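By convention in this document, chain letters (A, B, ...) are assigned in the order of the sequence lines, proteins followed by strands, and residues within each chain are numbered from 1. Being a predicted model, the structure only gives us computed values, none of them experimental.
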Protein chains: 2
Amino acid sequence: MRRLKHTKQFPAADHDHKTCITHALQEAEAYCKQQGLRLTELRRRVLELIWANHQPVGAYDLLEQLTREGRKAAPPTIYRSLDFLMQSSLIHRITSLNAYVGCNHPGLDHAAQFFICEDCGQAAEMDDAKIESAIAKDAKRLGFTVEKRTIEVAGICAHCKHHSKT
Amino acid sequence: MRRLKHTKQFPAADHDHKTCITHALQEAEAYCKQQGLRLTELRRRVLELIWANHQPVGAYDLLEQLTREGRKAAPPTIYRSLDFLMQSSLIHRITSLNAYVGCNHPGLDHAAQFFICEDCGQAAEMDDAKIESAIAKDAKRLGFTVEKRTIEVAGICAHCKHHSKT
DNA sequence: AATGTTACGTTATATTATAACAACATCCCA
DNA sequence: TGGGATGTTGTTATAATATAACGTAACATT
Ligand SMILES: [Zn+2]
Ligand SMILES: [Zn+2]
Ligand SMILES: [Zn+2]
Ligand SMILES: [Zn+2]
């Protein structure tokens, strides 16, 4: 498990999201090429749709978008792409929402904690060593071998808090 | 948010589970009486079925058991009982499993982290102050107001580890 | 008893995800 | 270059989880 140098911020309301998208796709291309993974047209497009914003998106939403684009798509189409993207660590599944969101550091086997705004729907991916070590410590005490962590915190982000004083 | 004095252990393989059940039901009765909540026959039975063991159980499993007992039950029947029990903090929902498990300290508004064995299916409820404070600290840094936490760690428990050397 | 409220029954449907198999594309080596 | 192995996508059907909507029954309060 590699540890990232920095935890992330919540996506700012006014950030230049186009660079998020292009950056994510470039990273994905490079990573897949390097690993011999096949980022097909379909998978690339699904990843692009997921990166349309920082809000986790449902499988059937993605499916509908593909259909509108004229592609013949049924549920397995999208779920297979999602499986590939998850296995390649290009996206994460947000269990509490049954939704999928782009990963900030693709290909890296990293822990991830998510802060998800219940108002604007945006999700911020964190990598907090303190949380990880606390879990590891509990696991050690229990004699428990950790396989998967699901750490998702729902609430209201700073931006929405300041703009809900109606 | 009250903090519990002790974190729990994984349910031991040979513990006297009958006392777990009777204790849980007694606590539930007392708590509901005190709070003026109506622990009806149905709700009580659902809670009892959930406490049959320490393995989170799915809504449709519970539904099937109710049906076998001769009760007229459709999905809303069970989901309404589950909602009541969750709102009363008598059970927790395990998001990563779509399943429900009895709560160790009913009625208390407490944080909860779950360690879930992928082999035997048992779940252990924790209340680790370090995890909580780490999350609170991140939230503060983000200006994020925490509403709900979903912290679920899947893996292999000590007991299953020792017995899987086949 | 009349009334308001809560809980439950019932039917239908929404939402999320997978099974199974066929068709097609890509890769690798003989 | 051909031809089988492997991987990807299309297609149909269905599983698994959850909720909407509405009526009826039980309970509580007066
Ligand atoms: Zn962005
Ligand atoms: Zn927000
Ligand atoms: Zn027990
Ligand atoms: Zn186990």
Side-chain angles (χ1 to χ4, degrees), chain A residues 28-29 32-33 35-50 55-88 90-101 121 148 150 152, chain B residues 28-29 32-33 35-50 55-88 90-101 121 148 150 152:
Chain A
E29 300 268 18
C32 288
K33 193 163 193 176
Q35 297 288 312
L37 299 170
R38 291 163 62 181
L39 186 63
T40 62
E41 186 54 35
L42 173 64
R43 291 165 172 173
R44 201 194 124 93
R45 182 60 184 143
V46 171
L47 180 60
E48 197 174 11
L49 289 174
I50 289 172
Q55 303 166 4
V57 57
Y60 280 74
D61 275 358
L62 293 166
L63 188 55
E64 198 190 322
Q65 294 182 69
L66 287 181
T67 302
R68 272 204 301 263
E69 292 176 358
R71 185 183 278 268
K72 296 284 178 67
T77 307
I78 191 72
Y79 280 104
R80 284 187 291 228
S81 285
L82 292 172
D83 284 347
F84 169 84
L85 294 171
M86 279 191 287
Q87 282 185 4
S88 308
L90 295 169
I91 62 172
H92 290 284
R93 180 170 192 269
I94 306 297
T95 303
S96 58
L97 298 178
N98 292 331
Y100 306 82
V101 72
K148 287 175 220 156
T150 302
E152 297 168 12
Chain B
E29 299 267 18
C32 288
K33 194 163 193 175
Q35 297 287 311
L37 298 169
R38 290 162 63 181
L39 187 61
T40 62
E41 185 54 36
L42 173 64
R43 291 165 173 173
R44 202 193 123 93
R45 183 58 185 144
V46 171
L47 181 60
E48 197 175 12
L49 289 173
I50 289 172
Q55 302 167 5
V57 57
Y60 280 76
D61 276 359
L62 293 167
L63 188 55
E64 198 191 322
Q65 294 182 69
L66 287 180
T67 302
R68 273 205 300 262
E69 291 176 358
R71 183 183 280 268
K72 298 283 180 63
T77 308
I78 191 71
Y79 280 104
R80 283 188 290 227
S81 285
L82 292 171
D83 284 346
F84 168 84
L85 294 170
M86 278 191 287
Q87 282 185 3
S88 308
L90 295 169
I91 62 172
H92 290 283
R93 180 168 194 270
I94 305 297
T95 303
S96 58
L97 298 177
N98 293 332
Y100 306 82
V101 72
K148 289 176 218 153
T150 301
E152 297 167 13

### Task
Quick one: do Leu39(A) and Ser88(A) satisfy side chain to side chain contact (heavy atoms under 4.5 Å, CB included)? Show the steps, please.
CA-CA 10 Å; Leu39(A) 186 63; Ser88(A) 308; over 6 Å; no
## Note on the structure
If each end axis of the helix from dA1(C)-dT30(D) to dA30(C)-dT1(D) is fitted on five C1' pair positions, the angle between them, to 10 degrees, is 30°
### Over all atoms of both residues, closest heavy-atom pair of Val46(B) and Ile78(B)
CG2-CD1, 3.8 Å
### Message
Using 0.5 Å steps for rounding, measure from the CD1 atom of Ile50(A) to the CG atom of Leu82(A).
### Response
5.0 Å
### Query
Whole-Å distance between dT15(C) P and Leu62(A) CG?
15 Å
### Task
Rounded off to whole Å, could you give me the CD1-to-C1' distance for the Ile78(B) and dG9(C) pair?
14 Å
#### Entry: Minimum heavy-atom distance Ala99(B)-Gly58(B), with the two atoms named
CB-N, 4.1 Å
### Per-nucleotide protein contact string for nucleotides 6-22 of chain D, where B marks a base within reach and S marks sugar-phosphate only (heavy atoms under 4.0 Å, - for neither)
-SSBBBB----BBBB--
## Note on the structure
For Pro75(B) and Tyr60(B) the tightest heavy-atom approach is CG-OH, 3.4 Å
### Query
Pick one: which of Arg44(B), Arg43(B), Arg38(B) meets salt bridge (charged side-chain N to carboxylate O under 4.0 Å, His left out) with Glu29(B)?
Arg44(B)
Run the side-chain donor-acceptor check on residues 62-71 of chain A: report pairs under 3.5 Å with partners two or more places apart or on a different chain.
{"residue": "Glu64(A)", "atom": "OE2", "partner": "Arg68(A)", "partner atom": "NH1", "Å": "2.9"}
{"residue": "Thr67(A)", "atom": "OG1", "partner": "Leu63(A)", "partner atom": "O", "Å": "2.9"}
{"residue": "Glu69(A)", "atom": "OE1", "partner": "Arg45(A)", "partner atom": "NE", "Å": "3.2"}
{"residue": "Glu69(A)", "atom": "OE2", "partner": "Arg45(A)", "partner atom": "NE", "Å": "2.9"}
{"residue": "Glu69(A)", "atom": "OE2", "partner": "Arg45(A)", "partner atom": "NH2", "Å": "2.4"}

### Message
Any carboxylate oxygen within less than 4.0 angstrom of a Lys/Arg side-chain nitrogen, looking at Glu152(B) and Lys148(A)?
### Response
no
